[in-house]
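What you see below is based on every heavy atom in this structure, not just the backbone, and it leaves out hydrogens, waters and symmetry mates. Letters A, B, ... are given to chains in the order of the sequence lines, protein chains preceding strands, and every chain is numbered from 1.
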There are 2 protein chains.
Amino acid sequence: MNEAATQPLTPEQNLEARAELFKALGHPMRLLILNLVKMKPRHGEELAAILNLNAATVSHHLGKLAEVGLLTAEKTQYYQVYSLSGALLDKPLRDVVFMPQPGVAAQVEEDAYRQKVLKTFFKYGRLKAIPAQLKKFMIVLEHIVQEFEPERTYTEREVNQVLVEFNDDVATLRRGLVDAGLLVRENSIYRRTAPAE
Amino acid sequence: MNEAATQPLTPEQNLEARAELFKALGHPMRLLILNLVKMKPRHGEELAAILNLNAATVSHHLGKLAEVGLLTAEKTQYYQVYSLSGALLDKPLRDVVFMPQPGVAAQVEEDAYRQKVLKTFFKYGRLKAIPAQLKKFMIVLEHIVQEFEPERTYTEREVNQVLVEFNDDVATLRRGLVDAGLLVRENSIYRRTAPAE
DNA sequence: TATCTAGTTTGATGAACATCTAATTAAATA
DNA sequence: TATTTAATTAGATGTTCATCAAACTAGATA
């Protein structure tokens, strides 16, 4: 459990990495270990004795804390002595929780845009009008294609049955889906392609 | 999932509560939710759409975030609109991780002391000498008694067999254990009393 | 009032995790 | 070299958790 050691967590890092840090902190025993190590560096066996935990379990916890860069280990004699490491803990919580704007924001505005488009064109699950702009049409199609089960085939009639729930102009929708590559047609049989994301 | 709402997390709070906060933060989806809500208050359905998650799942996540006081909800029309709440995120990480000294420290020094005593008097599992100070003798006895199985009876001879592994002066050890109430003797039969912790 | 929409709760399922015991590795001493 | 001690790894087990579908609750509108 030592290979992935000590990435310093730059502000640019992704949500998974940030969540890993919090997961490492999200256990009472590990918080206690940090408190104990803060007082003075300690080795696993000592911690096991104090915490009344199996040595293997303590090793497990220490591994997690070291993995996210909260602890560093130094080997002396038998012992693997752990100490607090890095300035990670001096950061305000918000610095770890919130992504720097370019990162999430872009992603989010993207989503927000999708939302806005869908909200504009759908009403009560029906497609009120077919978007004239290609980009918006794409968003609508990506939404509609999710009504088709992956791993299943549809006759053209079945495709139409799905589409008519959205809009009467099933021909335009069907052609759009195929043109966008969201449905494939082979021998008059339709099938949904790669999952939406 | 709304009953346990919004405890402000005083610095005096215990490790479990602190761990709960970190657990709530220890999931990428919940971090994303916080980032999204930071931009503007949002309701569950919107988040479900953006995150491409089931509404029930989003509700679950929002519940956890609200439970530890990171979000607050306000009801408007249909919607339950969530916003960031409290100054929790402005705290430096260390303020949440580290207990105020009186709490852990006392507990810990206690343990550290035990450790030191045991290390002083035991060598390779044997008791090198019998402590003259009562307090230290107690610590040693509490350690030794763990070699006795609870829920089992021992003859005096069996007791001695266990004790001689620690030190040849079995009589002193045996008497000490009984005096300390760690072993009880009834009709020449010994039995361990309440579990160590 | 009947219907629609958003939210929550419940139950089921699979994944992740904490913990232990046992086996293994590695360092230190007899 | 053989034994002891600390640490890690592997395997097993029970618990917690994330997720979804379905049932249910409660505003809002027709």
Atom [atom1] of [X] to atom [atom2] of [N]: distance rounded to whole Å?
X     : N      : atom1 : atom2 : answer
A/L31 : C/dA18 : CG    : P     : 12 Å
A/I50 : D/dA6  : CD1   : P     : 14 Å
A/L51 : C/dT19 : CG    : P     : 10 Å
A/Y78 : C/dA28 : OH    : C1'   : 4 Å
A/Q80 : C/dA28 : CD    : P     : 12 Å
A/L62 : D/dA6  : CG    : C1'   : 12 Å
A/Q77 : D/dT4  : CD    : C1'   : 14 Å
B/Y79 : D/dA28 : OH    : C1'   : 10 Å

Scan the side chains in residues 23-33 of chain B for donor-acceptor partners under 3.5 Å anywhere in the protein, sequence neighbours excluded, and list what turns up.
| from | atom 1 | to | atom 2 | distance (Å) |
| --- | --- | --- | --- | --- |
| B/K23 | NZ | B/E20 | OE2 | 3.2 |
| B/H27 | ND1 | B/M29 | N | 3.1 |
| B/R30 | NE | B/A24 | O | 2.7 |
| B/R30 | NH1 | B/H61 | ND1 | 3.0 |
| B/R30 | NH2 | B/K23 | O | 3.2 |

| task | Mind checking ring pair (Phe, Tyr, Trp, His ring centres under 6.0 Å) for B/Y190 and listing every partner two or more places apart, or none if nothing turns up? | result | none

| query | Of B/V162, B/L163, B/V159, B/N160, which meets side chain to side chain contact (heavy atoms under 4.5 Å, CB included) against B/L173? | reply | B/L163

| task | Measure from the side-chain heavy atoms of A/S59 and tell me the nearest of C/dA6, C/dA28, D/dT9. | result | D/dT9

| query | Which part of the nucleic acid, if any, lies within contact of B/L53, taking any heavy atom under 4.0 Å across all strands shown: a base, the sugar-phosphate backbone alone, or nothing? | reply | sugar-phosphate

| note | Nearest-nucleotide check on DNA chain C, B/N54 vs A/T76; residue mapping nearer the 5' end is B/N54

Protein-nucleotides 15-18 of chain D N/O pairs closer than 3.5 Å?
| from | atom 1 | to | atom 2 | distance (Å) |
| --- | --- | --- | --- | --- |
| D/dA18 | OP1 | B/R30 | NH1 | 3.1 |
| D/dA18 | OP1 | B/R30 | NH2 | 2.8 |
| D/dA18 | OP2 | B/H60 | NE2 | 2.8 |
| D/dA18 | OP2 | B/K64 | NZ | 3.3 |
| D/dA18 | O3' | B/H27 | NE2 | 3.4 |

| task | Please name all residues satisfying salt bridge (charged side-chain N to carboxylate O under 4.0 Å, His left out) with B/R157, sequence neighbours left out, ordered by chain then number. | result | none

| note | Residues passing the salt bridge (charged side-chain N to carboxylate O under 4.0 Å, His left out) test with A/R94, sequence neighbours excluded, are B/D90

| Can you pull the salt bridge (charged side-chain N to carboxylate O under 4.0 Å, His left out) pairs that have at least one residue in residues 169-185 of chain A, sequence neighbours excluded? | A/E156-A/R174, A/E156-A/R185

| Parallel under 30°, tilted from 30 to 60°, perpendicular over 60°: which one fits the rings of A/F22 and B/F22? | parallel

